[in-house]
Amino acid sequence: MSFPLLTVTAAVPAVGAVLTAAVPAARRTAAKWLALLFSLATLALAVLVAVRFEPGGARYQLTESHAWIADFGVRYELGVDGIGVALIALTALLIPFVIGAGWNDADPLETSSSRWRPTQGFFALILMVEAMVIISFEATDVFLFYIFFEAMLIPMYFLIGGFGDRAHAGTDENAAAQRSYAAVKFLLYNLAGGLIMLAAVIGLYVVAGNFSLQEITAARAAGTLDMATNTERLLFLGFFFAFAVKAPLWPLHTWLPNAMGEATAPVAVLITAVVDKVGTFAMLRFCLGLFPDASKWATPAILVLALISIVYGALVAVGQRDIKRLVAYASISHFGFIIMGIFAMTSQGQSGATLYMVNHGISTAALMLVAGFLISRRGSRLIADYGGVQKVAPVLAGTFLIGGLATLSLPGLAPFVSEFLVLVGTFARYPVIGIIATIGIVLAALYTLVLYQRTMTGPVKAEVSGMHDLRLREVLVVAPLIVLLIGLGVYPKPLTQIVNPAVEHTMSDVHEKDPKPQVAVEAKNGEAAK
């Protein structure tokens, strides 16, 4: 039997979580280094997965398949395509930076109790989320995917509700209650989506007789699985609803600003840059793969919802007074672009959507982590409490600017490539949707530049006059993300050559081909007329 690389990649952070949680209370620093070590080991394994993956090979590679609950057709089946490889790499890449940025976020304020161990719990929960997200990107058994899709809500609930933003806590007596509200809202929204998905998963088993993604898609392609139109549409809606909550898509998005606002900056990155990507990834793998006809049937409505997310998220971000909630609403707008690219049903759109998942993860991590460093120094999330920061902390201001410019998809930075592909792919089939979506680009420039202007430029406020610049640990957290943003913006080929073959398979699942350019069609018709 070949080495189970995918299992080990997911198991290493899970083992790290257990060991980190078991570190004695007094050895907080040891717990931090242990968590960082396991996250780096996971990153090394993710790199090995990417190296062993052959873009021109089979659709699902490094596969593992073992009987699990045989009486119900449930198997332990893993496999990765190019999209899964890219998102596993993103997850494994970001977790060490999340740990480094949150190095002191969970240290107890009172040290009188020797049994109080929030530090160990904080880092153990982060590693547990990493393990569950990675196996979600690997699972090719629908029931196995569902288990971890739901299970990751539990550690996230405790990270949001139990480890809140201390800067906010110092200025609001109701901080604990607000954190609890945000955590419960996050859990209830996602549990509601998961319960509806569970009904759809059971319905899929009744129709198909098993939970294997590969077997079901092969049977559909061969014409041996007969799924009634109404049945397919209902099952699609059950899956899509759960993924739209996780994504999040308007109007199911309202949990995200609360969760990101009340969580620490590293946990906010974990939410939007890592966990939420499971929703958009699942739309590509499961919605389009299992229900191709229903996906095309629902496309017009989904594109409208995605367009609303783009414009609404950007508009609300413009009016925000809270830095972290501004980034949250900007992310809602960006997820609208991702979902629009997926359901444009073009290879450019889906390639762009996949690249957008990766690039948004990197750019949001850079911006949010620097924002977290800024907030921890001033003790406030309100934009109005800042001014003139670039004069006292130029490195902090510079990295904040680059993160912001990446968020607005400036040419030369990684998100520009993905946003351009999404818009081109959408315009090729739905030109009106593509044109209206460009409003989101204009609004992104507005909220990003206004945020920078109000916080970093102008007279130096007395409260920030003594602010110190980024420390070495903070520079080591942010600098690699900045390098990646520039590198992938100039040379995105390492990602595109892995992703494009998987997109071709997805396009084949839904029996779609890219529309021919209108100019070429008109030229051909003109030649025929002559």
Original post:
Is the Phe343 to Phe240 ring centre distance short of 6.0 Å?
Top reply: yes
**OP:** Kindly determine whether Glu77 and Leu144 satisfy side chain to side chain contact (heavy atoms under 4.5 Å, CB included), including the steps that lead there.
**Re:** CA-CA 8 Å; Glu77 284 190 350; Leu144 179 67; 5.7 Å; no
Original post:
Relative to each other, are the rings of Phe286 and Phe243 parallel, tilted or perpendicular (30° and 60° limits)?
Top reply: tilted
Taking the side chain as every heavy atom from C-beta outward, state whether [X] and [Y] have any pair of such atoms under 4.5 Å apart.
X: Ser309; Y: Phe335; value: no
X: Thr448; Y: Leu367; value: no
X: Leu127; Y: Ile99; value: yes
X: Ile439; Y: Ile310; value: no
X: Pro96; Y: Leu36; value: yes

**OP:** For Leu5, check side-chain contact (heavy atoms from CB on, under 4.5 Å) against everything at least two apart and list the hits.
**Re:**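 Phe3, Thr9, Leu45, Leu48, Val49, Arg52, Leu62.
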Original post:
What salt bridge (Lys or Arg N to Asp or Glu O under 4.0 Å) pairs are there with at least one residue in residues 287-296, not counting sequence neighbours?
Top reply: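 Checked against salt bridge (Lys or Arg N to Asp or Glu O under 4.0 Å) - neighbours excluded - the pairs reaching residues 287-296 are Arg220-Asp293.
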Under a 3.5 Å distance rule, please check whether [X] uses its side chain to pair with a backbone N or O of [Y] as donor and acceptor.
X: His334; Y: Thr407; answer: yes
X: Thr272; Y: Ala268; answer: no
X: Lys246; Y: Lys277; answer: no

**OP:** Take Met152 and Ser136 through the test side chain to side chain contact (heavy atoms under 4.5 Å, CB included) and record every step on the way to the result.
**Re:** CA-CA 10 Å; Met152 70 180 69; Ser136 296; 3.3 Å; yes
**OP:** Answer yes when Glu215 and Arg75 have at least one side-chain N-carboxylate O distance shorter than 4.0 Å, and no when they do not.
**Re:**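 Arg75 and Glu215: not salt-bridged.
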**OP:** Before giving the answer on ring-ring contact (aromatic ring centres under 6.0 Å, His included), spell out for His253 and Tyr312 the whole-Å C-alpha distance, their side-chain angles and the decisive distance to 0.1 Å.
**Re:** CA-CA 11 Å; His253 67 284; Tyr312 166 83; 5.1 Å; yes
**OP:** Applying side chain to side chain contact (heavy atoms under 4.5 Å, CB included) between Val275 and each of Val129, Thr91, Val267, report the one that passes.
**Re:**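 Going through the options one by one, the only one that passes is Val129.
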**OP:** For Leu256 and Asp276, run side chain to side chain contact (heavy atoms under 4.5 Å, CB included): C-alpha distance rounded to whole Å, both residues' side-chain angles, the deciding distance at 0.1 Å, then the answer.
**Re:** CA-CA 10 Å; Leu256 182 65; Asp276 287 355; 3.7 Å; yes
Original post:
Distance only, no hydrogens: is a donor on one side chain within 3.5 Å (strictly under) of an acceptor on the other, for Thr506 and Gln350?
Top reply: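 No, because no side-chain N or O of Thr506 sits under 3.5 Å from a partner of the opposite role on Gln350.
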Original post:
Between the side chains of Thr7 and Tyr76, does any donor sit under 3.5 Å from an acceptor?
Top reply: yes
Show me, pair by pair, the donor-acceptor contacts under 3.5 angstrom made by side chains of residues 187-206, not counting sequence neighbours?
{"residue": "Tyr189", "atom": "OH", "partner": "Thr254", "partner atom": "OG1", "Å": "2.8"}
{"residue": "Asn190", "atom": "ND2", "partner": "Phe186", "partner atom": "O", "Å": "2.8"}

**OP:** Show your working on side chain to side chain contact (heavy atoms under 4.5 Å, CB included) between Met368 and Lys324 and close with a plain yes or no.
**Re:** CA-CA 7 Å; Met368 180 58 82; Lys324 291 168 71 176; 4.0 Å; yes
